[in-house]
Amino acid sequence: MENGAAPLAVIDVGSNSVRLLIAKPLPGGHLDILDDARATLRLARVVDAHGSIPPEVLEQTLDAIGDFVRLAAHAGAESIHAVGTAALRDADNAGALARALRSRWGVKLEVLSGDAEVRLASIGAVFGLPIDSGMLLDLGGGSLLLARIEDRKPVATWSFPFGTLRLTDRFLDADPPDEDAMTALRRHVRRELRSAGVPRLGSGEVLVGTGGTVRNLANVSRRRQRYPISRLHGHSITIRRLHRLTRLLARMSLKERRGVRGLNADRAGIIAAGALVVDAVAAHTRTDAVLVAGQGLREGIARSQFIDELPPVSDVRRSSVEVFAQRFGDVETDHAHHRAQLAVALIELLDPEADEDLHETVEYAAMLYNAGLQVDFYRRAGATTTILLDANLSGFSQPQIARIAAAARLARRPTWEVRSLRPLITGDDEADLHRAGVVVALAEEVRRRAEPGAVDASMGRRNLRITLPGGTTWAPTDLTERLQAAFGVGLRIRGRS
């Protein structure tokens, strides 16, 4: 995929809202998100009431899509992919919407089956997460979709005709919801999961959640604790926290829920049912946590236009760092690659037993070390940390992103307080992060003084020896002290005539 690929647009006519995504394909299956938009129409509710989409709602839907078509054209999108989900699967007149859409805007609408929907959603959700196997939960306004994931592929799917709108209308008509009604909703979901043969999760497997309900739950959870990363993608909600959050939201009145920090006001009326469903699925699968996917169906449709299957997590990480470094950093002059190569060589000399996590932390912190240059040269250390913590780095867990950001910061500021990134970084991580930081710092200083391939490095009994081309007067006392503290070795620098 060339960097010059044209943008494409995806329109999702969902049960709760109609959504737009405009994105540019990037190498490795990545997406550069250019724009998005949303119109809340609650189609599942009107379809359940009438069996079809009433004429006035049909016009509202067409108007919303027409606005999205104009946005896509203005952004330079060369193709528009429009899909319908649960509400349109159930609507008697979905064909009328499709014909009007094609007539007015020249856009073809495909109504997806539940199986096709969850398979496409898995491409969007699983791509950027560090998982190989588990279960995907995609909860919308009209349906609950599940997919069993193995080797990053969906191998079995389940579709249930109950989403947040439908379960709210069926079970939770009181304000606040009645305890017996909440119990009945949970039992209904658990019974349907058992009847359909939805399996438990095994050791090390992950429940991934996508959709507006899951993202809103994650945002509320994150706002209720001290947490250093604002991105929802990759956020993990423990089962204990999910239980507490579900009880809290389900027992509130609608007015109280509208005042909850982090909760979208549009979701206040349906979040209780959504939380109860997610909680029930988590309990059934016996997972320890729900891993939040900030992407889903729309991104899956976009990616399906230019990749056939998801690459391995390691490939996603590497290409993500490359894409990001080209935007933030100095990769265009090969400085980032040179620094990373030096850093990897140095950690292998200094600690031959270093595990894969430390290797990756060192390499990627070295690649992204100069992200803050795009903000200000003199404040680049702090800017780098801020940028990396909010970076769209795919394939990494949030603790891994925090480790990379910490190592890049410690490279320049060894006295920086690592504890500021708790709970993603614990006291047990600090020694490794200081080791990674000094390695990146040394790699950068060597890079500044020598071209690629012109440096010799070796380990003596007590010293790391580095030979630079030509004569040198460089005597880095601070780095020598840091190496001694981190690895118990000294540093000898010499020139080669």
Side-chain angles (χ1 to χ4, degrees), residues 1-14 17-39 64-83 105-110 112 119-129 152 210 215 230-234 293-313 315-332 336 364 367-368 371 373-375 387-388 390-396 401:
M1 178 59 57
E2 298 294 330
N3 284 327
L8 57 86
V10 177
I11 297 174
D12 169 17
V13 184
S17 59
V18 182
R19 300 174 68 97
L20 168 72
L21 176 79
I22 304 173
K24 182 177 180 181
L26 297 174
H30 298 277
L31 294 171
D32 186 6
I33 308 299
L34 304 180
D35 201 359
D36 71 353
R38 175 187 177 199
I65 295 174
D67 183 50
F68 293 169
V69 169
R70 284 187 286 271
L71 289 174
H74 187 69
E78 294 190 356
S79 60
I80 298 176
H81 307 270
V83 301
W105 307 109
V107 174
K108 180 182 178 181
L109 174 69
E110 178 185 4
L112 299 174
R119 287 180 182 276
L120 287 166
S122 72
I123 295 174
V126 174
F127 174 86
L129 294 174
R152 294 174 64 76
T210 187
R215 288 191 292 270
S230 61
R231 286 186 76 227
L232 297 179
H233 186 71
Q295 301 187 354
L297 177 60
R298 292 174 300 154
E299 291 81 5
I301 292 169
R303 287 196 173 96
S304 71
Q305 308 306 308
F306 63 98
I307 62 172
D308 296 324
E309 60 181 25
L310 296 187
V313 175
D315 291 354
V316 172
R317 287 178 184 165
R318 188 165 299 279
S319 59
S320 178
V321 169
E322 289 282 351
V323 167
F324 192 79
Q326 289 171 20
R327 180 170 294 174
F328 295 94
D330 50 10
V331 75
E332 66 275 9
Y364 294 143
M367 278 288 293
L368 302 174
L373 276 176
Q374 302 299 322
V375 177
I387 290 170
L388 294 185
D390 281 333
N392 184 22
L393 289 173
S394 295
F396 295 92
I401 290 173

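Just so you know, these numbers come straight off a predicted model, no measurement behind them.
Between the side chain of Arg152 and the backbone N or O of Pro311 there is at least one donor-acceptor pair closer than 3.5 Å. Checking side-chain atoms of Gln305 against main-chain N and O of Ile301 turns up a donor-acceptor pair under 3.5 Å. Of the possible polar contacts, none joining the Arg19 side chain to the Asp36 backbone as a donor-acceptor pair under 3.5 Å is found.
Taking every heavy atom of both residues into account, Pro25 and Ala6 meet most closely at CD-O, 3.4 Å. Nearest heavy atom pair, residue Ala371 against residue Ile387, reads O-CD1, 3.6 Å. Closest approach of Leu26 to Phe306, counting heavy atoms only: O-CE1, 3.8 Å. Heavy atoms only, all atoms of each residue included: Leu20 and Ala9 are closest at CD1-CB, 4.2 Å. Closest heavy-atom contact between Met367 and Ala325: CE-CB, 4.1 Å. When every heavy atom of Leu388 is checked against every heavy atom of Ile401, the shortest pair comes out as O-CG2, 3.3 Å.
A distance of 9.0 Å separates NE2 in His233 from CD in Glu299, rounded to the nearest 0.5 Å. Within the model, atoms CD of Gln295 and CG of Leu232 stand 12.0 Å from one another, a figure rounded to the nearest 0.5 Å. The distance from the CG atom of Leu297 to the CG atom of Leu112 is 6.5 Å, given to the nearest 0.5 Å. Taken from CD in Glu309 to CD1 in Ile123, the straight-line distance is 10.0 Å, to the nearest 0.5 Å. Distance check, rounded to the nearest 0.5 Å: CG of Leu31 to CD1 of Ile22 gives 13.0 Å. Annotation: the span from Arg303 atom CZ to His30 atom NE2 amounts to 8.0 Å, rounded to 0.5 Å.
A cation-pi arrangement, defined by a distance under 6.0 Å to the six-membered ring centre and an angle within 45 degrees of its axis, is absent between Arg317 and Tyr364.
The shortest side-chain heavy-atom distance between Arg215 and Thr210 falls under the 4.5 Å cut-off. Residues Leu368 and Phe328 fail the side-chain proximity criterion, which asks for heavy atoms closer than 4.5 Å. Within the 4.5 Å cutoff, no side-chain heavy atoms of Val107 are placed close to those of Ile65.
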Evaluate Phe127 against Val316 for side chain to side chain contact (heavy atoms under 4.5 Å, CB included), listing each step before the verdict. CA-CA 8 Å; Phe127 174 86; Val316 172; 4.1 Å; yes
### Test side chain to side chain contact (heavy atoms under 4.5 Å, CB included) applied to Asn392 and Arg231, step by step
CA-CA 8 Å; Asn392 184 22; Arg231 286 186 76 227; 2.9 Å; yes
Only pairs under 3.5 Å count here: list side-chain donor-acceptor contacts from residues 67-76, not counting sequence neighbours, and write none if there are none.
none

